[in-house]
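Please read the structure below before turning to the comments.
To find a chain, count down the sequence lines: A is the first, B the second, and so on, and within it residues start at 1. All figures in this text were calculated on a predicted structure; none of them were measured in a lab.
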Protein chains: 2
Amino acid sequence: MKEINLVEKVKSKKLKVTPQRVAILEAIYMLDNHPTAENIIQYIGKNYPNIAVGTVYKVLESFVDNGLLNRVKTENDVMRYDPMVENHHHLYCCESDKIENFEDPELDHLIAEHFRKKKIKNFKIKDIKLQITGIFKNK
Amino acid sequence: MKEINLVEKVKSKKLKVTPQRVAILEAIYMLDNHPTAENIIQYIGKNYPNIAVGTVYKVLESFVDNGLLNRVKTENDVMRYDPMVENHHHLYCCESDKIENFEDPELDHLIAEHFRKKKIKNFKIKDIKLQITGIFKNK
DNA sequence: TTCTTATATAAGAATTATTCTCTTTTAAGA
DNA sequence: TCTTAAAAGAGAATAATTCTTATATAAGAA
């Protein structure tokens, strides 16, 4: 992703455009496996060795609050970040920490139809996410 | 759940039956909202004020390893435990920390059929879990 | 029943991810 | 260029979980 787009993304949320924010957003797009805060710190450490850990967490928080990122739940207690904010599901590898995004509007429709016909008692659905666990092949 | 069943559950996995293990398993069944380690410690603290925190975590780990419990992912970084080990989904309340189990074999079938006809490229599915977020009504 | 031993527990230190505090710096509008 | 609210830096604080080591105990063997 070009620098200019990163800046635009930050600007579009009325956040101050700082080099740290641009570097962190870039790292997330480059790393492309739903990185942890630590992954990000390591990645930007090459050009930016003095960034404060607290800053990274604060920037990530502001990005999540402003809809530039989503947090991704994982089995262990490390938070991971996803630059895809549109509705989608996740493929989890059961042999590694790989997570891939997954979209399937047809399936979404199927599930929505199912719940339209057969509501859950005493519960109003806001969102449905699939966690699909399995094994990635020949990659 | 009766004491005897708890003991049997522990025994069935060839784990030593200790008062701590029985108390912890009982707490999980009694608390019934996918408790955290802390919830459990608080609950059993009434009759068992001296149980060590580390023990609770070790017992939970052994139960998970032996299929008596499952871990449940949450947004924040606290692990929760689920005594239902059969395949099922979760309803997450977006206004509180309530989590409820949800079973719908018809839906499972629908989804399985969908993926039988339309496979995911380069991915072999092992398990599919739905995280259904929403609001619990009149409860 | 008593003995033996692998396993479990207690206690608290250590670790790890994350948040907080406070001071200094800076982006961006006036 | 000036002003100021917001951001960054540095590192302490917190909170959940794991680890370490000495002691205790469940459960099978004798």
### Message
Let's go through B:Val85 and B:Phe63 carefully: what are the C-alpha distance in whole Å and the side-chain angles of both, what is the deciding distance for side chain to side chain contact (heavy atoms under 4.5 Å, CB included) to 0.1 Å, and is it a yes or a no?
### Response
CA-CA 11 Å; B:Val85 290; B:Phe63 285 172; over 6 Å; no

### Pairing partner (Watson-Crick or G-U wobble, both distances under 3.5 angstrom) of D:dA30
C:dT1

### Query
Could you write nucleotides 21-30 of chain D as a row of B, S and -, 5' to 3', where a protein heavy atom under 4.0 Å of any base atom gives B, of only sugar-phosphate atoms gives S, and otherwise -?
----BBS---

Between [N] ([atom2]) and [X] ([atom1]): distance, integer Å:
{"X": "A:Phe63", "N": "D:dA7", "atom1": "CZ", "atom2": "P", "answer": "10 Å"}
{"X": "A:Tyr57", "N": "C:dT21", "atom1": "OH", "atom2": "C1'", "answer": "17 Å"}
{"X": "B:Arg80", "N": "D:dT17", "atom1": "CZ", "atom2": "P", "answer": "12 Å"}
{"X": "A:Ile51", "N": "C:dT26", "atom1": "CD1", "atom2": "C1'", "answer": "14 Å"}
{"X": "A:Arg21", "N": "D:dG9", "atom1": "CZ", "atom2": "P", "answer": "12 Å"}
{"X": "B:Met79", "N": "D:dT18", "atom1": "CE", "atom2": "P", "answer": "8 Å"}
{"X": "A:Ile24", "N": "D:dA7", "atom1": "CD1", "atom2": "P", "answer": "12 Å"}

### Query
Around atom NZ of A:Lys13, are there more than 12 heavy atoms of other residues, nucleotides or ligands at under 6.0 Å?
yes

### Task
Tell me which residues in residues 39-48 of chain B put a heavy atom below 4.0 Å from DNA chain C, sorted by number, or none.
none

### Query
Taking atom types as modelled and ignoring hydrogens, do the side chains of A:Asp65 and A:Ser62 form a donor-acceptor contact shorter than 3.5 angstrom?
no

### Task
For the pair B:Glu61 and B:Lys58, evaluate salt bridge (charged side-chain N to carboxylate O under 4.0 Å, His left out) and give the outcome as yes or no after the intermediate values.
CA-CA 5 Å; B:Glu61 191 189 2; B:Lys58 280 209 80 183; over 6 Å; no

### Message
Does the plane of the ring in B:Phe102 sit parallel, tilted or perpendicular to the ring in A:Phe115? Use 30° and 60° as the thresholds.
### Response
tilted

### Query
If each of A:Lys58 and B:Val53 is mapped to the nucleotide of DNA chain D with the nearest heavy atom, which maps nearer the 5' terminus, i.e. the 5' end?
A:Lys58

